[in-house]
2 protein chains.
Amino acid sequence: MTPSPRGDLFDPACPTRRLLDRIGTKWTSMVVKVLAEADPGEVRFADLQRRMPGVSQKMLSVTLRSLTHDGLVARRVEPTVPPKVHYRLTDLGLSLEVPLAALRNWAEENMAAIDRANAEA
Amino acid sequence: MTPSPRGDLFDPACPTRRLLDRIGTKWTSMVVKVLAEADPGEVRFADLQRRMPGVSQKMLSVTLRSLTHDGLVARRVEPTVPPKVHYRLTDLGLSLEVPLAALRNWAEENMAAIDRANAEA
DNA sequence: CGGGATCCGTGGCGATACTG
DNA sequence: CAGTATCGCCACGGATCCCG
């Protein structure tokens, strides 16, 4: 009784489209990768920013809020002054890392071929 | 001697980012799926459009040109009047379908959980 | 039939500055 | 430290019109 059965890729609520709208956003997949490979599993905001060269505070904040909202990332606040906020992947987020890693592997193995195709054109 | 070694996800030429920039575009993954599941392997332009409800001529054209440029899709023109143009996945395109299908499976199995998380918020 | 060209709205995203 | 607020650019993508 899943909301949209297999093969129903093109209905208005298309799950694949909605997922790509999320992970296709510029920093999302980076956050997932960094959190998945983080040693303690939990990473603080500033730490994340350091491990993601080029990300602005705003976009990191927006990305994390979105992922938290989607239940892929969990937020833990230490009520100290100044506050410390830790982020980690939920089980759902960890499960997403699997197909995402497969996609990364494909990219790392085949982007060169795409570059070659572009060069010919 | 790959241009960017494993784990180098964040350099300027980050393969994963570049791949997501392509497949994250609205219609790309749909084209790949439709072509991958097409019966003869080759599909004509108008046929593709019929199988992708909501796509405009322009975006289908742009998407196909991009995929062709990247070497993921091959174009065959029958020099008749009016001309018939056929599209099919290249071997590279077919290989991309594998991790893409994994991502679709994840989406179809887990988007409900994401919806639940959103409902709670 | 299979597109290319153009106009234009919307939204992603960056830079900067401010706050609890 | 960890955000939020505001501004502005520009690329994605839809509608429409035209061409070989």
Side-chain angles (χ1 to χ4, degrees), chain A residues 10 12 14 16-32 34-35 38 40 42-70 73-88 121, chain B residues 10 12 14 16-32 34-35 38 40 42-70 73-88 121:
Chain A
F10 304 121
C14 164
T16 302
R17 176 96 299 279
R18 293 183 35 219
L19 178 63
L20 284 172
D21 283 343
R22 290 154 200 266
I23 68 170
T25 206
K26 192 164 188 179
W27 302 105
T28 307
S29 59
M30 282 198 198
V31 170
V32 173
V34 169
L35 288 181
E42 275 195 339
V43 184
R44 293 185 52 188
F45 188 91
D47 250 339
L48 275 171
Q49 194 172 12
R50 270 193 308 96
R51 300 191 198 190
M52 296 169 55
V55 71
S56 65
Q57 290 188 1
K58 169 190 170 179
M59 286 320 295
L60 183 54
S61 176
V62 168
T63 303
L64 286 170
R65 201 186 323 148
S66 168
L67 286 170
T68 304
H69 192 78
D70 286 344
V73 162
R75 215 179 111 108
R76 182 173 67 85
V77 182
E78 279 188 71
T80 57
V81 269
K84 300 178 183 178
V85 186
H86 305 259
Y87 295 91
R88 62 171 178 81
Chain B
F10 305 121
C14 163
T16 302
R17 175 96 300 276
R18 293 182 34 216
L19 178 63
L20 284 173
D21 283 343
R22 291 154 199 267
I23 68 170
T25 206
K26 193 165 187 179
W27 303 104
T28 306
S29 59
M30 283 198 197
V31 170
V32 173
V34 169
L35 288 181
E42 276 195 340
V43 183
R44 292 186 53 189
F45 187 92
D47 250 340
L48 275 171
Q49 195 172 10
R50 270 193 309 94
R51 301 191 197 189
M52 297 169 54
V55 71
S56 65
Q57 290 188 5
K58 169 190 169 178
M59 286 319 295
L60 182 54
S61 175
V62 168
T63 303
L64 286 170
R65 201 186 323 148
S66 167
L67 286 169
T68 304
H69 191 79
D70 287 343
V73 162
R75 214 179 112 108
R76 183 172 67 84
V77 182
E78 279 187 72
T80 57
V81 269
K84 299 179 184 178
V85 186
H86 305 259
Y87 295 92
R88 63 172 176 81

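Values below: all heavy atoms of this structure, side chains included; hydrogens, waters and symmetry mates excluded. Here is how names work: the chains are called A, B, and so on, in the same order as the sequence lines, proteins then strands, and each is numbered from 1. For clarity, every value in this text was computed on a predicted model and none was experimentally measured.
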A side-chain contact here means heavy atoms from C-beta on lying under 4.5 Å apart; do B:Phe45 and B:Leu64 qualify?
yes
Given atom CD of A:Gln49 and atom P of D:dT4, what is their separation to the nearest angstrom?
14 Å
Closer than 4.0 Å, any side-chain N/O of B:Arg44 to the OP1 or OP2 of C:dG2?
yes
For atom NE2 of A:His86 and atom P of D:dC1, their distance in whole Å:
13 Å
Atom-to-atom span, CZ of B:Arg22 to P of D:dG13 - whole angstrom:
14 Å
Would you name the heavy atoms of B:Tyr87 and B:Leu35 that are closest together and state the gap between them?
O-CD2, 3.6 Å
Interatomic distance, A:Leu48 CG vs D:dG3 C1' [rounded to whole Å]
14 Å
In residues 76-85 of chain A, which ones come under 4.0 Å of DNA chain C, going by heavy atoms?
A:Pro83
How about B:Val32 and B:Val73: do any of their side-chain heavy atoms sit closer than 4.5 Å?
no
Please tell me if the side chains of A:Met52 and A:Leu60 come closer than 4.5 Å, counting only heavy atoms from C-beta onward.
yes
How would you list, by chain and number, every residue that makes a salt bridge (Lys or Arg N to Asp or Glu O under 4.0 Å) with A:Arg75, sequence neighbours excluded?
none
Just by protein heavy atoms under 4.0 Å, how would nucleotides 4-19 of chain C read 5' to 3' in B, S and -?
S-BB-----BBB----
Could you tell me the separation between the CH2 atom of B:Trp27 and the OG atom of B:Ser61, rounded to the nearest 0.5 Å?
14.5 Å
Side chains of B:Arg17 and B:Leu20: does their closest heavy-atom pair fall under 4.5 Å?
yes
Beyond-backbone contact of A:Arg76 with A:Glu42, side-chain heavy atoms, under 4.5 angstrom:
yes
